[in-house]
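My questions will all concern the structure given below.
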There are 2 protein chains.
Amino acid sequence: MAEETGETVRWGVQRRLEFIDFRLFWDGRFNRRDLAETFGISAQQASSDIAQYTALAPGNLAYDQTLKAYLRAPTYEPKLMHASAERYLLQLVAIENRWMRQEDTWFDNTPPIENVSLLRKRTDARILLHILDAINQRGQLEIQYRSITGSPEPRRVIAPHALFHAVGRWYVRAWSNEHSDFRDYNLFRIGQAGDIVTAAIDSTLDFEWMHKIDLILAPNPALSANQQAALEAEYGMTDGRLVVTQRLSQTFYLMTEHNFDVEPDTLPPGKQQLVLLNRDEVVNARATARKLSIDAVERASR
Amino acid sequence: MAEETGETVRWGVQRRLEFIDFRLFWDGRFNRRDLAETFGISAQQASSDIAQYTALAPGNLAYDQTLKAYLRAPTYEPKLMHASAERYLLQLVAIENRWMRQEDTWFDNTPPIENVSLLRKRTDARILLHILDAINQRGQLEIQYRSITGSPEPRRVIAPHALFHAVGRWYVRAWSNEHSDFRDYNLFRIGQAGDIVTAAIDSTLDFEWMHKIDLILAPNPALSANQQAALEAEYGMTDGRLVVTQRLSQTFYLMTEHNFDVEPDTLPPGKQQLVLLNRDEVVNARATARKLSIDAVERASR
DNA sequence: CCAGACCAGTCAAGAAACACGATGGGATAT
DNA sequence: ATATCCCATCGTGTTTCTTGACTGGTCTGG
């Protein structure tokens with residue numbers, strides 16, 4: 001698959017040509033040595049790869065004999081890579097947080113970056129793995145959970161069916177045997193995960209998850225006209241409105257994150273830059289879906 | 001370099017063996033066909049790779065003739081990959097947000113995941129590139145900036161020296177010619193970036209960036225004892241205290257994110273789970289560093 | 001100023017990796 | 001029973017690399 005470029009370039013060669021493009025794009029320079037060392041090939045082979053890249057994109061690079069490196073030419077155009085700023089930044093965060101090693105990436109010198117966060121704990125990959133297996137097999141498993149409410153019994157049986165990311169944290173959407181409804185479990189609070197057995201629950205009955213609703217958002221009218229205009233531009237609003245479609249259960253996190261759940265005028269408007277115009281509708285829909293879901297499961301299990 | 005494993009395995013072969021390990025770990029299954037297609041090799045070669053992997057880690061996989069796939073064996077142990085839950089999740093987010101294409105990863109069927117956020121705008125990679133070049137060359141450049149204060153003049157000249165991620169957004173730390181001090185610029189609000197010229201500013205004079213301070217955090221005493229204990233566990237506190245060292249300029253974002261900048265008792269304690277014990281010290285240190293920095297630049301430029 | 005280190009490029013020969021063609025076995029579907 | 005789809009394995013040729021040998025340019029230190 002994939003290699004539509006060129007006729008029949010081997011996978012490894014294609015990667016090396018992409019490496020050249022990557023380095024030219026982001027670093028603006030690379031060495032024959034860089035190529036040879038990151039891929040474990042001989043200098044001669046690296047030379048031939050560089051020649052091949054030059055044939056592909058003649059105006060992209062120039063050798064600087066003083067710096068002893070190939071430099072990005074002014075006429076450079078990305079040829080083989082799909083440059084995404086977000087992907088680049090994401091990899092930098094991953095390196096900074098020790099989630100990846102620099103050798104696993106193509107970075108040479110990473111720019112000075114910082115990640116501002118209080119949470120630096122690592123999740124055990126095996127726990128995530130157990131959750132993923134359970135999702136794939138539609139099974140249930142016992143977990144040890146450090147609940148925020150400090151419930152005395154840390155062991156629960158859940159049947160997970162999805163993962164999601166909200167406000168910087170990862171959650172598992174799952175059926176809870178103990179509570180007889182669908183709940184969110186913070187992935188980082190799961191201490192242990194047991195074996196997977198088949199579950200009886202049908203995840204399509206999780207109406208709070210399955211159903212979506214439109215959140216209608218606007219800049220906080222207490223802000224100055226200039227600030228409101230800036231927010232409209234930042235969120236890409238049309239006519240001063242932003243409509244975001246979200247799963248019902250996830251509206252909770254957006255409301256928390258953006259302080260939609262705080263009464264107006266209790267916070268300075270700078271901390272409540274957006275307002276949720278249909279807040280009552282959203283809250284009611286969520287509550288209704290929750291109730292309907294519980295009833296539906298009840299009926300299904302009879 | 002990397003290839004310390006084995007004696008002299010070629011880079012491409014090593015990747016393919018890692019692919020097998022990756023799929024076994026996360027998906028629990030893979031095909032000869034998967035291997036052949038993602039790497040553009042023949043079925044025969046894929047067979048030989050599988051044989052090589054099996055020789056390396058005999059207890060890791062078993063062929064299921066009914067499913068026509070290799071399955072993760074119960075005795076599986078990761079051999080070639082460095083499993084990181086965070087890295088895996090990060091890649092899923094990147095795919096979901098269209099920052100990466102699924103073909104660029106080794107995922108087969110991605111599990112059902114969601115990313116809850118209002119901001120879905122893409123940054124232009126070329127703008128980030130200009131900023132990075134300026135950082136590397138210690139240069140300055142003109143940008144077009146959509147300020148939140150709605151300043152009428154959208155063009156500014158900045159000399160950036162670092163990037164950072166805070167509260168879900170990316171910022172550039174830079175010297176501002178117009179304001180004659182160091183400021184943070186939201187990367188997503190930069191509309192255009194001009195050519196880079198050498199800058200006169202010395203970024204080590206950015207004291208708010210260079211100096212760090214300890215934030216002393218504790219669970220909000222208004223919460224129940226159970227809840228406080230859960231927070232202590234989640235943030236890994238010792239003796240009910242969490243000490244986080246941060247750059248002065250970045251304390252602002254942590255204070256915003258965790259509502260340390262809101263007076264106690266205005267918010268329900270659930271929205272202010274942590275309190276900053278040395279808040280006055282932090283705020284004062286930030287203001288002092290800012291003033292000292294401006295003075296130092298003043299002296300240096302005379 | 002010139003030797004030595006380091007960067008690069010090239011040519012030729014041999015080894016390794018890989019593709020292609022062919023053959024065979026087991027499981028499932030028609 | 002035949003077809004199909006997995007997988008494995010054995011030759012044989014081809015492509016891709018490596019190894020070795022030689023050449024040229026730029027910078028550094030004695």
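No hydrogens, no waters, no symmetry mates; every other heavy atom, side chains included, goes into these values. It should be emphasised that the depicted structure is a prediction, and the values quoted were computed from it without experimental measurement.
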- Under 4.0 Å: is that the gap between some side-chain N or O of T66(B) and OP1 or OP2 of dT28(C)? yes

- Query: For the base of dG25(C), is there a side-chain donor-acceptor partner from Q65(B) under 3.5 Å away?
  - Reply: no

- Between N31(B) and dC5(D), does any side-chain N or O lie under 4.0 Å from OP1 or OP2? no

- Axis-to-axis angle for the helix from dC1(C)-dG30(D) to dT30(C)-dA1(D), ends of five pairs each, to 10°, equals 30°

- Note on the structure: Y70(A) atom OH is separated from dT26(D) atom P, nearest whole Å, by 14 Å

- Query: Nearest of dA19(C), dA8(C), dC6(D) to any side-chain atom of R33(B)?
  - Reply: dC6(D)

- Query: Does a side-chain N-to-carboxylate-O contact under 4.0 Å join D133(A) and R72(B)?
  - Reply: yes

- Task: Taking side-chain hydrogen bond (donor to acceptor under 3.5 Å, both in side chains) as the test, write out the residues that go with E142(B), two or more places apart.
- Result: R155(B)

- Within this structure, what is the CG-to-C1' distance between L67(B) and dC7(D), rounded to whole angstrom? 14 Å

- Counting side-chain heavy atoms from C-beta on, which of dT18(D), dC18(C), dC6(D) comes nearest to Y63(B)? dC6(D)

- What heavy-atom pair brings W11(A) and G12(B) nearest, and what distance separates the two atoms? CZ3-CA, 4.5 Å

- Query: How are the rings of Y171(B) and F164(B) set relative to one another: parallel (under 30°), tilted (30 to 60°) or perpendicular (over 60°)?
  - Reply: parallel

- Message: Please classify the nucleic acid contact of Q45(A) as base, sugar-phosphate, or nothing, using heavy-atom distances under 4.0 Å.
- Response: base

- Query: dG11(D) base to Q44(B) side chain: any donor-acceptor pair below 3.5 Å?
  - Reply: no

- Nearest whole angstrom, please: distance from the P of dC6(C) to the CD of E37(A). 13 Å

- Message: Can you measure I41(A) atom CD1 to dT19(D) atom C1' for me and round it to whole angstrom units?
- Response: 14 Å

- Query: With D206(B), which of R247(B), H211(B), H161(B) fulfils side chain to side chain donor-acceptor pair (under 3.5 Å)?
  - Reply: H161(B)

- Item | N60(B): which of Y70(B), Y53(B), Y76(B) passes side chain to side chain donor-acceptor pair (under 3.5 Å) | Y53(B)

- Residues in contact with DNA chain C, drawn from residues 22-29 of chain A - heavy-atom cutoff 4.0 Å: none

- Straight-line distance of F39(A) CZ to W106(A) CH2, nearest 0.5 Å: 5.0 Å

- Message: Distance check needed: dA8(D) C1' versus R32(B) CZ, whole Å only.
- Response: 7 Å

